[in-house]
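Below is one structure, written out as structure tokens; the observations come after it.
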Amino acid sequence: MPGQDNQSPPSPTAGNVEENEDELLVWEQIKSEARQDAESEPALASYLYSTVLSHSSLARSLSFHLGNKLCSSTLLSTLLYDLFLNTFSSDPSILSAAVADLRAARYRDPACISFSHCLLNYKGFLAIQTHRLAHKLWLEDRKPLALSLQSRISDVFAVDIHPGARIGKGVLLDHATGVVIGETAVVGNNVSILHHVTLGGTGKVSGDRHPRLGDGVLIGAGATILGNVKIGEGAKIGAGSVVLIDVPPWTTAVGNPATLVGGKEKPKVHE
Amino acid sequence: MPGQDNQSPPSPTAGNVEENEDELLVWEQIKSEARQDAESEPALASYLYSTVLSHSSLARSLSFHLGNKLCSSTLLSTLLYDLFLNTFSSDPSILSAAVADLRAARYRDPACISFSHCLLNYKGFLAIQTHRLAHKLWLEDRKPLALSLQSRISDVFAVDIHPGARIGKGVLLDHATGVVIGETAVVGNNVSILHHVTLGGTGKVSGDRHPRLGDGVLIGAGATILGNVKIGEGAKIGAGSVVLIDVPPWTTAVGNPATLVGGKEKPKVHE
Amino acid sequence: MPGQDNQSPPSPTAGNVEENEDELLVWEQIKSEARQDAESEPALASYLYSTVLSHSSLARSLSFHLGNKLCSSTLLSTLLYDLFLNTFSSDPSILSAAVADLRAARYRDPACISFSHCLLNYKGFLAIQTHRLAHKLWLEDRKPLALSLQSRISDVFAVDIHPGARIGKGVLLDHATGVVIGETAVVGNNVSILHHVTLGGTGKVSGDRHPRLGDGVLIGAGATILGNVKIGEGAKIGAGSVVLIDVPPWTTAVGNPATLVGGKEKPKVHE
């Protein structure tokens with residue numbers, strides 16, 4: 001469960017050099033953690049070596065890990081590894097978003113004890129990274145491949161994100177089981193989304209039909225947000241809420257159907 | 001998210017000849033789509049060839065695909081392939097229901113771009129087809145095998161349908177994660193069920209203890225319907241509702257606990 | 001769906017001898033069921049032989065089955081088998097809790113037709129047993145391994161139980177998909193938890209931040225219980241409820257947000 005007070009450190013500024021340095025920093029940290037775990041736990045040594053320690057970069061380790069998780073008897077891990085690695089190479093912003101997500105989990109989830117724990121074990125993290133790769137393929141009009149990846153994420157992680165959805169950086173999908181994000185949904189930066197959350201359509205329209213979440217939004221477990229509604233920056237949605245309305249920035253909506261805490265006219269604004 | 005206005009074309013009439021023709025039409029379409037995708041996306045060519053293009057019928061392609069998805073180190077894909085193919089052969093209504101489900105997804109879900117997309121990637125579609133095969137085995141008193149298949153569907157697709165449940169044709173399980181359908185539940189034709197929907201018992205009785213859904217019902221994401229209640233033809237259940245009452249035909253129930261829109265005495269009837 | 005009237009027979013008293021006898025009784029019953037199923041269903045014979053009949057004890061059969069379910073290309077089934085079998089040997093209470101869970105499913109879930117059905121097919125049962133093994137490793141400070149197992153349970157069964165959580169005996173996770181149980185949660189004996197249930201944090205605190213459930217509690221499908229609240233012995237939580245308050249023993253809470261049936265001052269007490 002993510003903390004609600006946005007305690008994460010300021011993210012690195014957008015310069016490529018700084019992003020590269022940040023990536024190297026996180027990658028060195030991951031290798032150091034994996035080395036320590038491999039020493040203290042022989043049962044994991046081979047796994048940690050093949051998944052982390054034998055790789056020369058975070059992009060390679062992540063491509064290998066995702067390829068292994070998502071492969072099937074008809075979709076080989078080696079094919080996925082090459083595909084993922086090529087896609088990371090073609091657009092460096094995908095990897096820098098992954099690094100921001102690692103930081104989001106590490107600093108916003110009290111149960112996350114290390115970067116390597118998130119990289120190896122958080123299916124929400126792995127689902128988002130695969131989505132970013134699938135989204136890139138979707139934009140390149142490689143739709144059948146993008147939809148195959150969506151299907152594999154749904155089978156393997158029980159997370160269903162349409163490859164058309166646009167998702168920011170520093171996003172935490174906590175626990176992640178059952179999350180559904182529709183084709184025209186937009187998710188801002190530094191958003192936290194708990195398990196069983198739906199960003200869905202109402203079924204009444206086609207076209208732009210899914211929610212838009214501003215930066216820093218927090219969506220509680222089991223919340224269902226439907227239709228082309230706008231959830232403003234820093235807003236919070238209570239667990240189990242059913243949201244069919246816009247929610248202004250820095251306000252909270254709860255209930256089924258959800259209403260604003262403090263009322264529509266005078267919503268209670270929080271920090 | 002399925003459209004709510006039942007825009008699907010009239011389903012083919014029940015004659016066997018017409019059903020066969022309809023099946024051949026859909027199968028030709030699927031092969032043509034797969035051929036085009038294999039040409040435009042070499043990364044998928046081998047997968048599409050082995051799963052679709054190498055097969056002589058929809059029943060064979062579907063049996064192969066389900067066998068691959070549901071196999072495990074102790075339940076071989078070849079065994080499942082033979083089992084599924086034999087079961088399709090023994091009861092042609094199972095395949096014609098699959099064809100109706102393909103049409104349901106294609107025409108009721110705006111995110112479904114082709115028949116082959118549904119066949120290959122929609123775990124709700126694959127879960128229902130396996131359920132129909134398991135239901136046939138259940139009725140033949142091959143209960144241990146039927147329950148093994150239920151378990152595999154639950155592991156692989158996170159969809160739990162008791163093999164005793166009776167499910168109509170033209171059914172859409174959209175997104176599908178977390179759907180639970182109990183042993184004595186009945187689902188009519190042309191029903192749309194979103195993810196996280198429960199058709200469950202109240203725990204107070206044994207015997208006939210689960211909901212009965214009429215034709216054309218739409219159940220929103222996360223709705224929980226409990227007990228031996230009747231949801232009438234064309235009724236709609238809002239997302240996140242908890243339904244413990246009968247819902248008359250062509251009316252809508254929403255909320256926790258769910259009430260009829262317009263009230264119990266004067267429920268608002270829709271088209 | 002579990003019965004709500006706690007019809008299970010009195011559990012065996014705590015003596016080691018009686019627990020051993022009880023384990024042997026259940027194990028003989030499981031083998032007898034598996035033998036009968038293997039004879040009546042040749043398609044399952046090889047699976048039943050390798051998973052049940054070839055083993056000399058329940059601990060071996062369960063270790064083999066869990067190893068097969070949870071293995072991956074980088075975490076071998078043989079490694080998991082040895083790990084699980086050693087952990088069962090080091091703490092006999094883990095196996096006696098498994099036996100109590102088998103009895104809970106058999107007597108509280110009307111859809112459970114035999115012990116072997118639960119052992120082989122109930123992912124909620126398998127998730128809890130793996131959690132108990134992971135919890136033991138967690139207490140031995142083998143945290144990376146415990147967290148790897150948590151991750152595999154979440155991938156394979158869509159059940160996310162933090163290895164730090166403390167869970168009693170005779171517990172039924174029915175259907176199980178989407179269950180999330182946080183690090184500091186406590187679950188008593190003879191508790192029944194339906195699918196999609198969350199025992200989570202509010203995100204406002206670290207430390208002791210998850211619910212505590214007394215003995216005999218029943219949590220309906222989709223209920224979300226958040227924060228360091230206490231759910232008293234024999235209490236019932238309605239499906240889809242969002243619980244942010246303490247619930248006294250033998251009372252019922254329903255709704256979003258949940259309130260006590262009968263009110264806070266005069267909660268209706270049941271048997």
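So that the names make sense, note that chain A is the first sequence line, chain B the second, and so on, each numbered from 1. Model, not experiment: these values are computed from the prediction.
Checking B:N68 against A:S73 by side-chain atom types alone, a donor-acceptor pair falls below 3.5 Å. Using modelled atom types, one finds a donor on one side chain and an acceptor on the other under 3.5 Å when comparing B:R108 with B:S192. Between the side chains of A:D109 and A:Y122, a donor-acceptor pair is found at a separation under 3.5 Å. There is no side-chain donor-acceptor pair under 3.5 Å between B:T177 and B:H195.
In this structure, chain B has heavy atoms under 4.5 Å from both the backbone and the side chain of A:P144. Heavy-atom distances place both the backbone and the side chain of A:L145 under 4.5 Å from chain B. Of the two parts of A:D155, the backbone and the side chain both hold a non-hydrogen atom closer than 4.5 Å to a non-hydrogen atom of chain B. Proximity to chain A is limited to the side chain of B:F157, based on heavy atoms less than 4.5 angstrom apart. Only the side chain of B:I113 has a heavy atom closer than 4.5 Å to any heavy atom of chain A. Residue B:L120 touches chain A through its backbone alone, counting heavy-atom pairs closer than 4.5 Å.
Of the listed residues (A:T224, A:L147, A:T198, A:V242), the one with the most heavy-atom contacts under 4.5 Å to chain B is A:L147. Put simply, of A:H162, A:E183, A:H196, the one with the most heavy-atom pairs under 4.5 Å next to chain B is A:H196. When the candidates B:L48, B:N121, B:L44 are compared by the number of heavy-atom contacts under 4.5 Å with chain A, B:N121 comes out ahead.
Side chain of B:R106 to main chain of B:C112: a donor-acceptor pair is present (N/O by atom type, distance under 3.5 Å, no hydrogens or angles).
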request  = Check the pair A:S50, A:F64 against side-chain contact (heavy atoms from CB on, under 4.5 Å), reporting the backbone distance first and the verdict last.
outcome  = CA-CA 9 Å; A:S50 67; A:F64 177 86; 4.2 Å; yes

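Test B:Q36, B:R35, B:Q29 against B:E33 for side chain to side chain donor-acceptor pair (under 3.5 Å) and you get one pass: B:Q29.
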